[in-house]
Engineer: 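Input: one structure, supplied below.
Proteins come first, then strands; the chains are lettered A, B, ... in the order of their sequence lines, and each starts at number 1. FYI, side chains are in, hydrogens and waters are out, and symmetry mates aren't considered; it's all heavy atoms of this structure.
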Number of protein chains: 2
Amino acid sequence: MEQRLREREIRYTSGRRVVVAALARAEGPRSAAELSTEIGAAVPLSSLYRSLAVLEDAGVVVPHFGARGLTRYELADWITGHHHHLICVACGTVDDVEILPEYEIKVNELVDLIAQLAGFEPRAHDLEIEGRCAKCS
Amino acid sequence: MEQRLREREIRYTSGRRVVVAALARAEGPRSAAELSTEIGAAVPLSSLYRSLAVLEDAGVVVPHFGARGLTRYELADWITGHHHHLICVACGTVDDVEILPEYEIKVNELVDLIAQLAGFEPRAHDLEIEGRCAKCS
DNA sequence: GTACCACCTGAGAACCATTCTCACTACAGG
DNA sequence: CCTGTAGTGAGAATGGTTCTCAGGTGGTAC
Ligand SMILES: [Mn+2]
Ligand SMILES: [Mn+2]
Ligand SMILES: [Zn+2]
Ligand SMILES: [Zn+2]
């Protein structure tokens with residue numbers, strides 16, 4: 001990852017390290033506000049947003065637009081491994097879920113089939129499952 | 001649908017009819033701005049947003065949070081039929097795609113499997129495919 | 001038909017996550 | 001060191017969305 005940033009002449013400064021560390025610690029995508037709470041005053045909001053934007057451009061961070069006017073960020077698949085999300089309609093938490101490789105293969109087959117029928121060239125897919133988490137059911 | 005609104009003592013006024021008609025005409029989810037352009041001054045923005053909110057509460061309209069700070073709305077599955085979305089990374093359009101029932105069954109099987117492994121009670125799923133549409137490839 | 005009342009509407013203000021601005025600082029390379 | 005480019009922070013600006021409030025509408029009861 002540091003290499004990727006260096007290639008693009010993007011400095012991996014201490015502020016950015018703090019942001020990446022907070023994202024690495026999270027078990028699901030996190031909003032800027034959540035990250036700010038977690039990080040504290042060490043990284044002011046404007047810098048936090050800028051860091052997220054820079055890291056997004058570099059392909060290190062990926063945004064998720066999952067709730068009204070709220071963007072949640074997480075590390076890209078190539079860092080954390082490809083996964084999907086479980087969204088609790090009761091408490092609103094979004095958790096990562098890793099799926100067995102054999103299932104992921106099936107998902108990919110389906111995606112390719114669907115896309116092909118529509119003359120669409122698939123690049124990525126996003127399967128999100130809404131429901132009630134173990135805590136809320 | 002009118003029945004559903006009546007049950008909840010929500011009036012199906014002419015303004016709301018216009019909004020529903022515009023959504024029914026669309027081939028994919030539409031933002032408030034897009035709807036406003038399509039509809040014209042007949043429905044002022046504040047009323048448009050309120051209508052969308054009311055219809056959403058009633059389960060007639062479903063929001064999609066797909067782009068930075070932009071919500072797109074569409075009629076609920078029980079009206080249009082269950083479907084998924086193809087999102088073009090080049091031109092940004094979001095198109096509906098109906099998938100063969102046999103594929104949908106497979107998607108559901110996968111969703112149930114994934115959810116079960118995480119102690120999650122699935123209620124709905126959302127499979128979105130990102131890539132380049134026929135026009136942009 | 002008229003009165004009542006809950007619901008609905010419209011214009012604009014308010015809200016709030018995000019982005020921009022600008023003066024300043026930090027760091028790498030020479 | 002010197003210089004130039006990249007990064008930072010506080011606050012202002014932006015823009016989609018929601019709220020407020022002063023009316024309007026229409027279904028229902030009598
Ligand atoms: Mn995730
Ligand atoms: Mn759709
Ligand atoms: Zn929950
Ligand atoms: Zn396209």
Engineer: According to a strict under-4.0 Å criterion, is B/Arg6 in side-chain N/O contact with OP1 or OP2 of D/dG27?
Structural biologist: no

Engineer: State whether A/Arg68 places a side-chain N or O below 4.0 Å from either non-bridging phosphate oxygen (OP1 or OP2) of D/dT18.
Structural biologist: yes

Engineer: Between A/His84 and B/His125, is the gap from one ring center to the other below 6.0 Å?
Structural biologist: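 They do not qualify: ring centres at least 6.0 Å apart.
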
Engineer: Does a side-chain heavy-atom distance below 4.5 Å link A/Val20 with A/Tyr12?
Structural biologist: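 SC-SC contact between A/Val20 and A/Tyr12 confirmed.
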
Engineer: Salt-bridged, B/Glu109 to A/Lys106, with N to O below 4.0 Å?
Structural biologist: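 So B/Glu109 does not pair with A/Lys106 through a salt bridge.
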
Engineer: In this structure, how many angstroms lie between the P atom of D/dT17 and the CZ atom of B/Arg72, rounded?
Structural biologist: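 In whole Å, D/dT17 P and B/Arg72 CZ are 10 Å from each other.
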
Engineer: Inspect the surroundings of CD in B/Glu27 and state if more than 12 heavy atoms from other residues, nucleotides or ligands are less than 6.0 Å away.
Structural biologist: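 No, CD of B/Glu27 has 12 or fewer neighbouring heavy atoms, counting only those of other groups under 6.0 Å.
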
Engineer: Is the phosphate of C/dT19, meaning OP1 or OP2, less than 4.0 Å from a side-chain N or O of A/Tyr49?
Structural biologist: no

Engineer: What is the distance, rounded to the nearest whole Å, between atom CG of A/Leu45 and atom C1' of D/dT14?
Structural biologist: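 One finds 16 Å between C1' of D/dT14 and CG of A/Leu45, rounded.
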
Engineer: Just the rounded figure in Å: distance from C1' of D/dT18 to OH of B/Tyr73.
Structural biologist: 10 Å

Engineer: Pair B/Arg30, B/Glu38 - check side chain to side chain contact (heavy atoms under 4.5 Å, CB included), show working.
Structural biologist: CA-CA 10 Å; B/Arg30 292 284 179 268; B/Glu38 158 103 15; over 6 Å; no

Engineer: Expressed as a whole number of angstroms, how long is the span from A/Leu70:CG to D/dT18:C1'?
Structural biologist: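 Between C1' of D/dT18 and CG of A/Leu70: 16 Å.
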
Engineer: Please write out each protein N/O paired with an N/O of nucleotides 6-12 of chain D under 3.5 Å, distance rounded to 0.1 Å.
Structural biologist:
{"from": "D/dA6", "atom 1": "O4'", "to": "A/Arg11", "atom 2": "NH2", "distance (Å)": "3.3"}
{"from": "D/dG7", "atom 1": "OP1", "to": "A/Arg11", "atom 2": "N", "distance (Å)": "3.0"}
{"from": "D/dG7", "atom 1": "OP1", "to": "A/Arg16", "atom 2": "NH1", "distance (Å)": "2.6"}
{"from": "D/dT8", "atom 1": "OP1", "to": "A/Thr13", "atom 2": "OG1", "distance (Å)": "2.8"}
{"from": "D/dG9", "atom 1": "OP2", "to": "A/Ser47", "atom 2": "OG", "distance (Å)": "2.7"}
{"from": "D/dG9", "atom 1": "N7", "to": "A/Arg50", "atom 2": "NH2", "distance (Å)": "2.6"}
{"from": "D/dG9", "atom 1": "O6", "to": "A/Arg50", "atom 2": "NH1", "distance (Å)": "3.1"}
{"from": "D/dA10", "atom 1": "N7", "to": "A/Ser46", "atom 2": "OG", "distance (Å)": "3.1"}

Engineer: For side chain to side chain contact (heavy atoms under 4.5 Å, CB included), just list the numbers for A/Leu48 and A/Leu35, CA-CA rounded to whole Å, side-chain angles, deciding distance to a tenth of an Å, and then say yes or no.
Structural biologist: CA-CA 8 Å; A/Leu48 174 54; A/Leu35 290 171; 4.1 Å; yes

Engineer: Let me know the distance between CZ of B/Arg17 and P of C/dC8, rounded to the nearest Å.
Structural biologist: 13 Å

Engineer: Please indicate whether A/Glu102 has more than 12 foreign heavy atoms, meaning atoms of other residues, nucleotides or ligands, lying under 6.0 Å from its CD.
Structural biologist: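 For A/Glu102, atom CD is crowded (more than 12 foreign heavy atoms under 6.0 Å).
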
Engineer: Heavy atoms within less than 4.0 Å of DNA chain D: which residues of residues 24-38 of chain B have one? Give them sorted by number.
Structural biologist: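 Going residue by residue through residues 24-38 of chain B, the ones with a heavy atom under 4.0 Å of DNA chain D turn out to be B/Ala32.
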
Engineer: Using a strict threshold of under 4.0 Å (side-chain N to carboxylate O), is an ion pair present between B/Glu2 and B/Arg11?
Structural biologist: no

Engineer: A/Arg72 and side-chain hydrogen bond (donor to acceptor under 3.5 Å, both in side chains): which partner among A/His85, A/Glu34, A/His64?
Structural biologist: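 For A/Arg72, the side-chain hydrogen bond (donor to acceptor under 3.5 Å, both in side chains) check succeeds only for A/Glu34.
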
Engineer: Using the C1' atoms of five pairs at each end, what's the angle between the two axes of the helix from C/dG1-D/dC30 to C/dG30-D/dC1, to 10 degrees?
Structural biologist: 30°

Engineer: Are the side chains of B/Leu127 and A/Val111 in touch, meaning some heavy atoms are under 4.5 Å apart?
Structural biologist: yes

Engineer: Going by side-chain hydrogen bond (donor to acceptor under 3.5 Å, both in side chains), B/His83 matches just one of B/Glu104, B/Glu98, B/Glu74. Which one?
Structural biologist: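 Result: among B/Glu104, B/Glu98, B/Glu74, B/Glu74 is the only option passing the side-chain hydrogen bond (donor to acceptor under 3.5 Å, both in side chains) with B/His83.
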
Engineer: Please state how far atom CG in A/Leu48 lies from atom C1' in C/dC16, giving the value in whole angstrom units.
Structural biologist: 16 Å

